[in-house]
There are 2 protein chains.
Amino acid sequence: MKKDVTALKLNRFLPYRLTKLSGIISRSLAERYSRQFDLTIQEWRVIAIIGEKPGLTAREVGDLASLDKVNISRAIERLEKAGRINREVLPHDRRAFALYLTETGKIILSQIVPLAQNYENLLLEGFSADEIEQLDSFLNRLDSRADELIPHLKENN
Amino acid sequence: MKKDVTALKLNRFLPYRLTKLSGIISRSLAERYSRQFDLTIQEWRVIAIIGEKPGLTAREVGDLASLDKVNISRAIERLEKAGRINREVLPHDRRAFALYLTETGKIILSQIVPLAQNYENLLLEGFSADEIEQLDSFLNRLDSRADELIPHLKENN
DNA sequence: AAAATATAGTTACATTTGAAACTAATATTT
DNA sequence: AAATATTAGTTTCAAATGTAACTATATTTT
């Protein structure tokens with residue numbers, strides 16, 4: 001029996017499933033971050049990265065957070081206004097600045113990390129260590145495949 | 001050695017990885033659909049669903065496509081204007097209408113299905129049948145976990 | 001059967017996002 | 001060392017998206 005090539009079950013289509021899953025998770029997390037910390041997901045990513053590697057520039061943070069420069073610029077602006085990060089112009093390149101968490105920023109980070117980790121743990125509840133590793137490897141492989149299939153989008157995002 | 005609970009490697013954080021992966025894939029597909037068929041992802045989902053089950057109402061399509069009613073309404077409007085679908089008011093409920101693909105719509109569907117399937121195949125190139133099944137089951141499990149963890153978002157999407 | 005409630009879909013308005021143009025500084029070429 | 005091109009980050013403007021209010025019909029309650 002031949003496969004019907006004119007039909008496609010959307011709910012079995014990998015891109016659809018991934019988008020749907022990531023949508024549910026993102027909205028759920030966004031809700032928590034915003035309610036408890038008045039923080040967007042973009043801001044949260046910036047904080048997490050600066051916390052890990054203080055002194056990066058906006059561009060570097062953007063690369064690591066998969067945020068384009070407009071988004072980074074806006075997230076940084078909001079974080080600075082909220083007193084959560086500060087910037088220091090680089091002496092050798094006055095266009096760019098190094099980013100640091102303020103004390104407030106560090107406190108937020110220390111509060112939000114357990115929340116995020118807890119959420120991840122809940123998501124993965126029921127997965128064995130082996131399965132988590134499997135999943136991890138699947139995602140890595142899909143990532144690199146997806147990168148190869150880009151028709152050609154610009155850098156960053 | 002204790003784990004440092006005040007740090008979190010973003011690129012190992014499942015929600016981040018899923019969002020990133022689904023973003024790359026979605027943008028890549030959106031680019032193809034739009035360039036070759038002048039179709040948004042939402043419109044594509046609607047066409048795929050009506051193709052599979054002709055006669056559904058907007059709400060029913062929305063449920064299956066994970067699109068809220070505003071998005072469905074807009075996708076349907078564009079599809080109808082482009083002559084790709086048509087609507088027939090339901091005799092027993094004059095608020096709602098049944099949706100059908102026009103001939104044009106069917107042609108589009110028959111052209112886009114192989115494209116989508118091909119893209120999925122390319123993504124999964126290198127995955128064995130077993131691994132695809134594994135991945136499938138992981139996604140299902142994550143889906144239901146994610147649903148349970150919703151803090152309480154509305155229906156749909 | 002009138003009134004109240006709920007549902008399908010649309011419209012209006014506000015917010016978010018992204019692309020392109022822009023400014024200021026640095027790096028490269030001539 | 002001017003001129004040209006590139007890069008970091010910002011701003012502007014347009015398009016996409018989400019929320020809430022709305023219209024029309026259907027259903028339920030009194």
Side-chain angles (χ1 to χ4, degrees), chain A residues 19-20 22-24 26-28 30-31 33-34 38-46 50 55-81 85-99 152-157, chain B residues 19-20 22-24 26-28 30-31 33-34 38-46 50 55-81 85-99 152-157:
Chain A
T19 301
K20 191 180 160 204
S22 109
I24 296 174
S26 293
R27 277 189 300 276
S28 174
E31 219 277 316
Y33 294 160
S34 126
D38 186 28
L39 205 69
T40 66
I41 287 194
Q42 288 90 336
E43 288 166 33
W44 146 242
R45 288 192 197 164
V46 171
I50 303 180
L56 294 184
T57 65
R59 199 185 57 65
E60 290 165 334
V61 173
D63 288 346
L64 295 173
S66 302
L67 294 172
D68 67 34
K69 56 195 202 154
V70 178
N71 269 303
I72 275 293
S73 175
R74 300 206 253 240
I76 287 173
E77 188 193 4
R78 288 189 303 262
L79 286 169
E80 196 187 31
K81 273 189 184 149
I85 64 174
N86 51 45
R87 15 183 159 193
E88 285 178 18
V89 171
L90 296 184
H92 56 285
D93 186 346
R94 288 170 30 238
R95 292 168 303 181
F97 40 78
L99 293 165
H152 239 55
L153 304 168
K154 317 283 145 35
E155 303 308 301
N156 235 10
N157 60 99
Chain B
T19 301
K20 191 180 158 202
S22 109
I24 296 172
S26 292
R27 277 189 300 276
S28 174
E31 220 279 316
Y33 294 161
S34 126
D38 185 29
L39 206 67
T40 67
I41 288 194
Q42 288 89 335
E43 288 166 34
W44 146 242
R45 288 193 198 164
V46 171
I50 303 181
L56 293 184
T57 65
R59 198 185 57 66
E60 289 165 334
V61 173
D63 288 346
L64 295 173
S66 303
L67 295 172
D68 67 32
K69 57 196 202 154
V70 177
N71 268 302
I72 275 294
S73 175
R74 301 205 253 239
I76 287 173
E77 188 192 5
R78 289 189 303 263
L79 286 170
E80 194 186 32
K81 275 190 183 147
I85 64 174
N86 50 44
R87 16 183 157 191
E88 286 177 17
V89 172
L90 297 183
H92 56 286
D93 184 346
R94 292 175 22 242
R95 292 169 304 181
F97 39 78
L99 293 165
H152 242 28
L153 304 168
K154 318 283 146 37
E155 300 310 299
N156 238 10
N157 63 98

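Throughout, a chain's letter reflects where its sequence line sits, starting with A, and its residues are numbered from 1.
- Note on B:Glu60: nothing from the nucleic acid sits closer than 4.0 angstrom, heavy atoms only.
- The side chain of B:Asp93 approaches D:dA26 more closely than any other nucleotide in the set D:dA20, D:dA26, C:dG18.
- Screening A:Leu79, A:Leu56, A:Asn71, A:Ile41 against A:Val46 for a side-chain contact (heavy atoms from CB on, under 4.5 Å) leaves a single residue, A:Leu79.
- Mapped onto DNA chain C by nearest heavy atom, B:Ser73 and A:Asn71 fall at different nucleotides, with B:Ser73 at the one closer to the 5' end.
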Protein N or O to nucleotides 5-7 of chain C N or O, pairs below 3.5 Å:
| from | atom 1 | to | atom 2 | distance (Å) |
| --- | --- | --- | --- | --- |
| C:dT7 | O2 | B:Arg95 | NH1 | 2.2 |

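- As judged by a 4.0 angstrom heavy-atom cut-off over every strand, A:Thr57 is placed among residues touching the sugar-phosphate backbone only.
- Residue B:Arg87 has its side chain nearest to C:dT10 when only D:dA8, C:dT10, D:dT11 are considered.
- Closest to the side chain of A:Arg94, from the set C:dT11, C:dT26, D:dT25, is C:dT26.
- Ranked by how close their nearest DNA chain D nucleotide is to the 5' end, A:Ala96 and A:Val70 are led by A:Ala96.
- Electrostatic pairing of A:Arg27 and A:Glu31 does not count as a salt bridge here, judged by no charged N lying under 4.0 Å from a carboxylate O.
- Atom CG in A:Leu99 sits 9.5 Å away from atom CD in A:Glu88 (nearest 0.5 Å).
- Side-chain atoms of B:Arg59 and B:Lys69, non-hydrogen and from C-beta on, never get closer than 4.5 Å to each other.
- With hydrogens and angles ignored, the 3.5 Å screen pairs a side-chain donor or acceptor of A:Ser26 with a backbone N or O of A:Ser22.
- With hydrogens and angles disregarded, no donor-acceptor distance shorter than 3.5 Å links the side chain of B:Arg87 to the backbone of B:Ala98.
- Taking only side-chain atoms of A:Gln42, from C-beta outward, the nucleotide of C:dT17, D:dG18, D:dT17 with the closest atom is C:dT17.
- Of the two residues near DNA chain C, A:Leu90 and B:Ile76, the one whose nearest nucleotide lies more 5' is B:Ile76.
- Scanning atom types as modelled, one donor and one acceptor separated by under 3.5 angstrom connect the side chain of A:Arg74 and the base of C:dG18.
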